[in-house]
Each structure stands twice: as structure tokens, then as C-alpha cells.
K.L.:
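Quick one: the structure is below, and I'll ask about it shortly.
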Protein chains: 2
Amino acid sequence: MADLNNLLTPFFLNDKEVRKVIELLFFAYRDFTSGPDKILEKINFGRAHHRVIYFVGKKNHITIKELLRVLQITKQSLSRVLNQLVSEKFIIVSTGLDKRTKKLSLTEKGKKLENELSTIQIKKIRKVINEFSEENINGFKKILYEMIDEYNKKTFQEIND
Amino acid sequence: MADLNNLLTPFFLNDKEVRKVIELLFFAYRDFTSGPDKILEKINFGRAHHRVIYFVGKKNHITIKELLRVLQITKQSLSRVLNQLVSEKFIIVSTGLDKRTKKLSLTEKGKKLENELSTIQIKKIRKVINEFSEENINGFKKILYEMIDEYNKKTFQEIND
DNA sequence: ATAATTAAGTCAATATGGCTGACCTAAATA
DNA sequence: TATTTAGGTCAGCCATATTGACTTAATTAT
């Protein structure tokens with residue numbers, strides 16, 4: 001069955017080639033996050049802190065609710081990480097117009113760390129995609145986008161308004 | 001500085017666009033792994049078990065050492081997960097020619113689970129890349145490949161010999 | 001033949017990042 | 001006024017990773 005399918009399938013879509021994509025995603029994602037991980041380790045932070053810093057940097061005055069929607073974790077999980085970031089003055093909290101809400105912002109210290117971490121990843125991506133055509137890069141982005149579940153595509157659009 | 005750089009940089013390479021790639025990787029990778037995660041949860045396994053099953057399925061008779069090289073975790077971490085997989089009969093162990101080594105293989109039960117998990121991801125990838133040109137798909141794979149660190153590129157090649 | 005190296009395993013302690021459930025306050029809205 | 005929403009907190013649990021120290025058995029090098 002699988003063999004017959006493969007015979008009728010273009011080369012780049014057969015099981016073996018698709019499995020390579022699984023592996024490429026695994027290896028590429030792991031190495032992509034390893035740079036920031038090393039810096040974070042020095043200050044006793046983890047990837048969870050990075051994500052919070054990244055998205056607060058991305059969208060200044062983001063609320064807890066919005067952040068939870070982006071990160072897709074529970075508020076209890078966010079709370080531990082966020083409290084550390086606030087108490088160590090990487091993030092400051094202010095009250096929103098709706099007084100039930102809170103707005104998060106990076107402090108100067110937070111911006112500095114955000115920049116340090118993102119720069120590693122930005123440089124890595126730029127170095128790689130620099131060698132490819134605009135067509136290839138757009139294809140790359142579109143394929144990644146299509147791999148996102150519908151619900152989260154909306155989130156991606158929202159944070160890129 | 002950053003602004004000046006951006007003015008001199010092609011659109012698809014400027015900071016804002018590159019940051020989108022960071023986010024796309026985050027969202028895409030998360031949703032890519034969420035399917036298997038749900039199945040694994042039911043049998044009290046996690047992503048770590050999936051990785052072991054995947055790579056044992058990929059390379060029959062893989063040794064512990066090779067597996068550790070692929071997964072880049074410590075043997076203590078592997079041990080817990082692997083022992084569970086062996087005691088629950090998803091994986092069987094035999095002794096290598098070099099009697100210090102062990103060779104790992106999937107049992108029928110293991111193959112069935114491997115197939116169930118991989119099928120989800122294979123279908124997802126195929127569904128997505130089906131809509132793209134061969135040129136785009138090859139570009140996608142090459143870009144991912146270039147994002148892998150040199151040392152791990154070798155590993156990727158080795159498991160795809 | 002002996003020494004050194006290698007493959008694998010194990011014990012113990014620790015950190016991180018998730019989770020659930022239960023419960024609370026204050027503010028906004030119906 | 002009642003309900004919903006945003007946010008917080010306590011307690012306990014689980015999975016996945018880490019480090020360090022130590023062991024055994026087999027292979028390889030001297």
C-alpha cells in the first residue's frame with residue numbers, strides 16, 4: 001500500500017522524503033534555540049523566559065490574557081516565569097484602561113536582554129537565507145505559515161498587525 | 001543604525017521580516033508536534049519517547065551511543081525513557097557484534113505506534129507541501145538544512161545514508 | 001599480558017516548565 | 001444586582017532534562 005502510494009507520488013512527496021522534513025524540523029529547531037539557551041542559562045532563565053520577553057518586546061503593552069493566548073500555556077505556568085522577570089526588573093507592569101487588565105513592557109534592562117537573544121537568532125536566519133532567492137525565502141515562510149493550525153494563524157496575524 | 005541597515009537591506013531580509021521567521025518557526029514547530037503529543041499522553045508517554053521510537057524506527061539496530069548522538073541528551077535522560085519503552089515492549093534490545101554495544105529495534109507493537117505517530121506528521125507535511133512547487137519545497141528543505149549546526153548536519157546525513 | 005579506553009548502566013540530587021484543581025479579588029458588563 | 005472577565009495564588013503533580021560519581025564488561029593499544 002505505502003509502496004504503491006510512493007510509486008504514484010512525486011519524489012519530493014514520498015514517505016522517505018517527507019520523513020526527512022520531520023528530521024530537518026527537529027534538528028533545525030533544536031539548533032535554532034540553542035544559542036539563546038546558553039545565554040539564558042547564565043542568568044538562571046530558560047526558554048520560557050525568552051518567549052515571554054520576546055512577545056512582550058514584540059507587542060508593547062500586551063496583556064496577560066493576550067500573552068497566554070500566544071504562548072498557549074496556563075496562567076499558573078506563566079505566572080512563575082513572569083513574576084521572576086518582573087521582580088528582576090526585565091519587565092514592568094502597569095494598569096490598563098480597563099482596570100482589570102495589566103499591560104506589560106520591557107524595561108531598558110529587558111530590552112537589552114531581548115536584543116541580545118533575538119540578535120543571535122536574527123543573525124542566524126539572515127546568514128542562512130542570504131544564500132537563497134527571494135522566491136525560496138517567500139516559499140519557506142509560506143510553508144511554515146501553512147503548518148500552523150488555523151486558530152494560531154490568527155494569533156500570528158494579530159501580533160503582526 | 002538598525003534603521004539604516006534596514007534601508008539598505010532587501011525587504012525580505014530586514015529585521016521585521018526576519019522576526020516573522022522566528023515566530024513562524026515557533027508556531028509551526030509547536031503545532032507540528034501537538035498531534036503526536038495528544039496520542040502519547042493517552043499512554044503516559046511524552047515527546048522524548050516519540051523521539052526514541054522515531055529514530056529507532058529510522059535506523060534499525062541503532063546503538064545507545066548513536067542514539068545519544070542523534071538526540072543530544074545525556075544517557076541518564078535516555079535511560080529512563082528507553083527503559084520504559086523496553087519494559088512496555090515497544091523496543092527490544094539485542095547484543096551487538098561488539099558485545100559492549102546494544103542494538104535497538106522496534107517490536108511489532110513499537111512499529112504500530114511509530115506508524116501512528118509518524119503518519120500524523122507525514123500527512124500534515126504532505127498536505128501542506130502539496131500546494132507548493134517542487135522548487136519551493138526543495139528551497140524549504142535546504143533552508144532548514146542550513147539552519148542545522150555543522151556537527152549535526154553530519155548526523156542528519158548519517159541517519160539518511 | 002596488562003593498561004587504557006569504550007559502551008552501557010545506575011544512584012542521587014537538582015532545575016525547568018509544564019499541568020490540574022480549587023479558590024480569591026476587583027472591575028466591568030448584562 | 002447578578003454575572004462575567006482579568007488576573008492572582010496555593011498546593012501538588014509529572015516529564016524532561018541536567019550534573020557528578022561510580023560500576024561493569026568488553027575491546028583495543030602498548
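Each chain gets a letter, A, B and so on, in the order its sequence line appears, and its residues count up from 1. Computed from a prediction, not measured in an experiment: that's the story for all the values here.
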K.L.:
Please walk me through it: do A:Glu66 and A:Glu158 pass side chain to side chain contact (heavy atoms under 4.5 Å, CB included)?
P.N.:
CA-CA 10 Å; A:Glu66 288 167 334; A:Glu158 279 165 25; over 6 Å; no
K.L.:
Once you round it to whole Å, what is the distance between P of D:dA26 and CD1 of B:Ile64?
P.N.:
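Rounding to the nearest Å, CD1 of B:Ile64 and P of D:dA26 are 16 Å apart.
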K.L.:
Looking at B:Lys102, does any N or O in its side chain come under 4.0 Å of the phosphate oxygens OP1/OP2 on C:dA8?
P.N.:
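So the side chain of B:Lys102 is outside the cut-off, no N or O lying under 4.0 Å from OP1 or OP2 of C:dA8.
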K.L.:
What is the distance from CG of A:Leu97 to P of C:dA28, rounded to the nearest Å?
P.N.:
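Roughly 9 Å, once rounded to whole Å.
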K.L.:
Round to the nearest Å and state the distance from A:Asn83 atom CG to C:dT16 atom C1'.
P.N.:
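Checked: the CG to C1' distance equals 16 Å.
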K.L.:
Evaluate whether atom CD of B:Glu41 has more than 12 neighbouring non-hydrogen atoms of other residues, nucleotides or ligands under 6.0 angstrom away.
P.N.:
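At most 12 heavy atoms, drawn from other residues, nucleotides or ligands, come within 6.0 Å of this atom.
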K.L.:
Go along nucleotides 11-24 of chain D 5' to 3' and tag each nucleotide: B for a protein heavy atom under 4.0 Å from its base, S when only backbone or sugar atoms are that close, - otherwise.
P.N.:
-----BBBBBB---
K.L.:
Would you say that more than 12 heavy atoms from the other residues, nucleotides or ligands in this model lie under 6.0 Å from the NZ of B:Lys127, or not?
P.N.:
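Open.
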K.L.:
Other residues, nucleotides and ligands only: do more than 12 of their heavy atoms fall within 6.0 Å of NZ on B:Lys65?
P.N.:
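It does not: B:Lys65 NZ has 12 such atoms or fewer within range.
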K.L.:
What is the distance, rounded to the nearest whole Å, between atom NZ of B:Lys38 and atom P of C:dG18?
P.N.:
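For the pair B:Lys38 NZ and C:dG18 P, the rounded distance is 17 Å.
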K.L.:
Given that B:Thr63 and A:Arg100 both sit by DNA chain C, which one's nearest nucleotide is further toward the 5' end?
P.N.:
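The residue whose closest nucleotide sits nearer the 5' end is B:Thr63.
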K.L.:
Please report whether the ring centroid of A:Phe140 lies less than 6.0 Å from that of A:Tyr145.
P.N.:
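No, the ring of A:Tyr145 stays outside the 6.0 Å limit from the ring of A:Phe140, centre to centre.
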K.L.:
Of all residues at least two apart in sequence or in a different chain, which pass the ring-ring contact (aromatic ring centres under 6.0 Å, His included) check with B:Tyr29?
P.N.:
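Partners of B:Tyr29 by the ring-ring contact (aromatic ring centres under 6.0 Å, His included) criterion, ordered by chain and then number, come out as A:Tyr29.
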K.L.:
Quantified as the angle between the terminal helix axes (five pairs each), what is the overall bend of the helix from C:dA1-D:dT30 to C:dA30-D:dT1 to 10 degrees?
P.N.:
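Result, rounded to 10 degrees: 30°.
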K.L.:
Find the distance A:Asp98:CG to D:dT4:P and express it as a whole number of Å.
P.N.:
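Distance check: A:Asp98 CG to D:dT4 P gives 17 Å.
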K.L.:
Show, in sequence, the C-alpha distance, side-chain angles and deciding distance for A:Thr155 and B:Phe27, and conclude whether the side chain to side chain contact (heavy atoms under 4.5 Å, CB included) test is met.
P.N.:
CA-CA 9 Å; A:Thr155 307; B:Phe27 287 113; 4.3 Å; yes
K.L.:
Keeping B:Asn152 on the side-chain end and B:Ile148 on the backbone end, is there a donor-acceptor pair under 3.5 Å?
P.N.:
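Judged by distance alone, no pair lies under 3.5 Å.
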K.L.:
Nearest-Å distance, NZ (B:Lys99) to P (D:dT28)?
P.N.:
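After rounding, the reported distance stands at 12 Å.
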K.L.:
How many Å lie between CG on B:Leu82 and C1' on C:dG9, as a whole number?
P.N.:
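It is 11 Å, rounded to the nearest whole Å.
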K.L.:
Do A:Arg30's NZ or CZ and the ring of A:Phe26 fall within the cation-pi criteria of under 6.0 Å and 45°?
P.N.:
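Checked: cation-pi criterion met.
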K.L.:
Could you tell me how far apart B:Lys65 (NZ) and D:dA26 (P) are, to the nearest whole angstrom?
P.N.:
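Going from NZ in B:Lys65 over to P in D:dA26 covers 18 Å.
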